Every structure is written in structure tokens, then in C-alpha cells.
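Convention: sequence-line order gives letters A, B, ...; per-chain numbering from 1. Here the structure is a predicted model, which is why all the values come from computation and not from measurement.
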Protein chains: 2
Amino acid sequence: MSPVRYALLSLLAREPLTGYDLAQLLNARIAPFWPVRYNQIYPELARLEEEGLLKHHAVESTSYRPTKKVYEMTAAGREALREWVLLPVEPTVMRDEFLLKIYNLWLLEPEETIHQLHEQRALHAERAKAYEEHLEEVKIQMGPNTQNHRDPLFASIAVIEAGMTYERQYVVWCDHVLSLLASEVP
Amino acid sequence: MSPVRYALLSLLAREPLTGYDLAQLLNARIAPFWPVRYNQIYPELARLEEEGLLKHHAVESTSYRPTKKVYEMTAAGREALREWVLLPVEPTVMRDEFLLKIYNLWLLEPEETIHQLHEQRALHAERAKAYEEHLEEVKIQMGPNTQNHRDPLFASIAVIEAGMTYERQYVVWCDHVLSLLASEVP
DNA sequence: AAGTCCATGTAACCAGTTACATGATTGC
DNA sequence: GCAATCATGTAACTGGTTACATGGACTT
């Protein structure tokens, strides 16, 4: 099945949430491991409930707002998630549009390439910083006991660190290519 | 438009190729920046030709095989590619299924997580090695003049290095999480 | 007065994947 | 005898994106 459902289950395994909350969390810049739109979320939540992996209860919020549906995970849901996690994964090929463009760098004037690289570098540096800040927050939230692998925050930290090192490495790579371009032409 | 067309154009900007060749190159483990299936390629090539970005000439290969269509780029195609390359890009969010699973690590027994991490580490290490080897080949092929940004191989090297550092960083991250898991439990 | 935030959903479209189809040759 | 390689394509399905739809309160 589509990984979207597991993205939803992954968050709901930690705390009950509404569809809206789920979208916020999944698309937040700090933990964007699986961006998802509302229109995918709501039908998927309904399907998951049909299958007995979730259940919801309605919550009347401030009078004028539509009634919220707060979803929470069932035991069956937790088991289904565990099973999926244990399945082996093929590493994803990173389909990076920017790399595809860089592959055509030889068609451009050096200044054009340099401009693109600076732009991309800035974007990734920004993301790296967002990860760093979020990591600090989570570490503070977790307290001194950072070794406890039963704590969901332990897992959060591992994932944030992955994102952070990815973004940092991207910045380093941009700098590397920029230096290659600079060192040429006497 | 879909980036598939630009993946095709990117390769055809360097040399004439058949649909089959294109699939081979795009899916080769060494340069998998945009894996594509045949069924996407053939219709897309036809469309690109209609638009005047490509042209093909038939080549009778060994008698028993279907006649090849060797596509090559037109001036208009090259221009369209250049234009696309110059458009700004949003960095892609990496949708890594494994990270999504690691996010649920707290649901697993440590040995289970460790197993998964070792598996993933091995796959990425293998890929890193493939990139390294490919990089050496391309460097040899390019000769001493590695600074010439007009040489398509200069661009190839930049992209291969991106893939290589990505895979290496992934391995480092796996080791990092493994060390966190090992250091716990007295 | 315009735009954003909460909170839900539906409909239409497009891209990408899986499966199906053909066919002789070369290597194991 | 079986699988892989070259070489092309079509059909059906599915997952994801874009656009549409509603609606009151709060901020600028």
C-alpha cells in the first residue's frame, strides 16, 4: 500500500490528532519526511478507520468551526504499523531536479551556474538551520535521558539528524562545485 | 511539464541515443538521477519530436531485431533544455521510506532496529562504492583537463560527486544511530 | 477590505507503475 | 532448456497534484 497511510499511522502512534493536525505536522519544514495534502489525508483516514486501524471521536470546538474528528490508533493499527516497519526497504533513489539541471551545466555560462548554485546553497543552508533549531528543541524537551530508545523522541532525534546531515552535506557539495568553477579560467 | 522529458533531453544533448539506450542510462546504478520506464520513454520521445525538440532516423540493426530509432537533439531542443535549466528550482523534499520507518523505531526491539540499520547501511555503502568507481572512470576518460566546464564530463563529475557524498553521509548516519543504540542499556 | 487560520471534504487530471505483448539470439 | 539482451510499444490502474467548495473569526 501507499506509504501515505504509514506516515499517518506513524504520527498517530504517538498521539491522537485530527486530519488538519496531521497535514501540519507532515508538511512542517522541520520534519518534512512525507509531505501530504489534505485531499489525500481525509479519504485515507476514513479507509484506515474502515479497516479498524484507527478510530475517531468527534470534538465540538468553538461553536462556529466544523466539528473536529480526532483520530487515535487502535491496537490493530499499532500492530500493522510495526509489521510495515519490519519489512525490508529498498533505498529510495533521490530524484533531485537540481542535480538534473547541474548535469547540464556545460550548456551554461559559468556565471549562470554560479548563480544557481548560490541560490540552492542558500535554500539548503536555511533548511539545515531549521533542523538544527528543531533538534535543540527536541533535546531540551527530552531531558537528560537521551539514551532511552523507547522514547518516541529518541526516534525523532535520529530522523532530524538524518535531515540535518543531508542538508549540511548538500551545502558542502554546492561549495565544492563553486570552488571548481572558480578555480578555472586563469 | 514533467521532468522526465528533461531527463531525456539532458542525455540527448550529449549524444544521439535510442529509447532503449536512454532507459539503460537513466536507470544505471551509477547515474540514477531519474529512473524511468520504457512505457514513459517511447511516448515522450514521440511527443518531443512532434514539438520539434528532437528528430530521429531509423537504423536497421542486425536483421532479426526491430529497426532502431536513433533520436538526436535539434537546435530548438537544446534551447528548450537551456531555458529549463535556468528556471529556479525548489529543493526536493527527500521522501525516504526508511526514515519514516526509523521514526517508529521506538516501537521495535533494539535488535530489530539494529538489523534494519545494518541492512540499509550495506545497501548505501554499496552504492557509494559504485559511485566512487564510476567517478574514477569518468576522470580517466576526461584526462588532465578537469577544469573545463564546457566539457559535459565536468558536469557528470559534479553530479556523481553529489550522489557519492549523499551515500557516504547516509552510511555515516547509520553508524551514528547504531552507536546510539549500542551505548544504551547498561 | 483582504488575507490568514482552522477544519473539513469532492472532482478532475496527470504522472508514474505494473502488467501485457512480441521475437530472434546469445550465453549458461 | 531457460534466462537474459536488444528493441519496440499498448492498456489499465493507482497515487499524487491542482483546483474547487464552504465559512466564521481574527489580524493587518
Side-chain angles (χ1 to χ4, degrees), chain A residues 1-9 11-12 16-29 32-50 54 56-71 84 90 92-97 100, chain B residues 1-9 11-12 16-29 32-50 54 56-71 84 90 92-97 100:
Chain A
M1 304 284 148
S2 116
V4 177
R5 64 192 295 121
Y6 297 108
L8 299 174
L9 290 176
L11 292 178
L12 290 169
L17 293 163
T18 68
Y20 189 84
D21 296 335
L22 283 160
Q24 297 308 107
L25 287 171
L26 287 167
N27 298 321
R29 224 173 316 142
F33 34 71
W34 217 282
V36 176
R37 315 272 156 163
Y38 297 109
N39 31 28
Q40 267 191 284
I41 290 178
Y42 294 115
E44 193 63 46
L45 285 172
R47 230 172 297 145
L48 286 165
E49 187 162 32
E50 258 181 57
L54 297 180
H56 83 270
H57 60 107
V59 173
E60 299 268 342
S61 46
T62 44
S63 57
Y64 63 88
R65 293 251 173 84
T67 327
K68 284 203 253 189
K69 290 185 184 177
V70 178
Y71 284 89
W84 171 76
E90 297 254 326
T92 333
V93 207
M94 50 158 185
R95 281 197 177 155
D96 185 329
E97 210 173 308
L100 194 52
Chain B
M1 304 283 150
S2 116
V4 177
R5 62 192 297 121
Y6 297 107
L8 299 175
L9 290 176
L11 292 178
L12 289 169
L17 293 163
T18 67
Y20 189 83
D21 296 336
L22 284 161
Q24 298 308 107
L25 287 172
L26 288 167
N27 297 322
R29 224 173 316 143
F33 34 71
W34 215 282
V36 177
R37 314 271 155 164
Y38 297 110
N39 31 26
Q40 267 191 285
I41 289 179
Y42 294 116
E44 192 65 46
L45 285 173
R47 229 171 299 146
L48 286 165
E49 188 163 30
E50 258 180 57
L54 297 180
H56 84 270
H57 60 107
V59 174
E60 298 268 342
S61 47
T62 46
S63 57
Y64 63 89
R65 294 250 173 84
T67 327
K68 286 202 253 188
K69 288 185 184 176
V70 178
Y71 284 89
W84 171 76
E90 297 253 328
T92 334
V93 208
M94 50 157 185
R95 281 196 179 156
D96 186 328
E97 210 173 307
L100 195 52

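- At a threshold of 4.5 Å between non-hydrogen side-chain atoms, the residues B/P16 and B/Y71 do not count as touching.
- Here the NZ atom belonging to A/K68 is positioned 10.0 Å from the CG atom belonging to A/L17, to the nearest 0.5 angstrom.
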Distances for protein N/O vs nucleotides 19-22 of chain D N/O pairs under 3.5 angstrom?
unit_1: D/dA19; atom_1: N6; unit_2: A/N39; atom_2: ND2; d: 3.0

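- Checking the phosphate oxygens (OP1, OP2) of D/dT8, a side-chain nitrogen or oxygen of B/Y42 falls inside 4.0 Å.
- Taking only side-chain nitrogens and oxygens, B/T67 never comes nearer than 4.0 Å to OP1 or OP2 of D/dA7.
- In this structure, CG of B/L26 is placed 12 Å from P of C/dT17, rounded to the nearest angstrom.
- Between the CG atom of A/D21 and the CG atom of A/L11 there is a distance of 10.0 Å, given to the nearest 0.5 Å.
- B/V93 approaches A/P35 most closely through the heavy-atom pair CG2-CG, 4.0 Å.
- Computed from coordinates, the B/K68 NZ to D/dT5 P distance equals 16 Å when rounded to whole Å.
- At whole-Å resolution of the value, CD1 in A/I41 and C1' in C/dA7 are 12 Å apart.
- Whole-Å rounding puts the A/L22 CG to C/dC6 P distance at 14 Å.
- Although no hydrogens or angles enter the test, the distance criterion places no donor-acceptor pair under 3.5 Å between the side chain of A/E97 and the main chain of B/P3.
- Under the salt bridge (Lys or Arg N to Asp or Glu O under 4.0 Å) criterion, the residue pairs touching residues 38-48 of chain A are A/R5-A/E44, A/E44-A/R47, with sequence neighbours excluded.
- Between the CG atom of B/N27 and the P atom of D/dA7 there is a distance of 16 Å, given to the nearest Å.
- With rounding to whole Å, B/L17 atom CG is found 15 Å from D/dC6 atom C1'.
- With contacts defined as side-chain heavy-atom distances shorter than 4.5 Å, the pair B/L22/B/L12 qualifies.
- No side-chain donor-acceptor contact under 3.5 Å links A/N27 to the backbone of A/R37.
- Evaluation of the ring pair (Phe, Tyr, Trp, His ring centres under 6.0 Å) rule for B/Y20 yields B/Y38 as partners, not counting sequence neighbours.
- For B/Q40 (side chain) and B/V4 (main-chain N/O), no donor-acceptor pair under 3.5 Å exists by modelled atom type.
- For B/T92, the side chain to side chain contact (heavy atoms under 4.5 Å, CB included) test picks out A/D96, with sequence neighbours left out.
- Atom P of nucleotide C/dA7 and atom OH of A/Y71 are separated by 14 Å, given to the nearest angstrom.
- When rounded to the nearest whole Å, the span between CZ of B/R5 and C1' of C/dG16 equals 16 Å.
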Protein-nucleotides 13-16 of chain D N/O pairs under 3.5 Å:
unit_1: D/dG16; atom_1: OP2; unit_2: A/Q40; atom_2: NE2; d: 2.5

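- Axis angle between the ends of the helix from C/dA1-D/dT28 to C/dC28-D/dG1, five pairs each and rounded to 10 degrees, works out to 40°.
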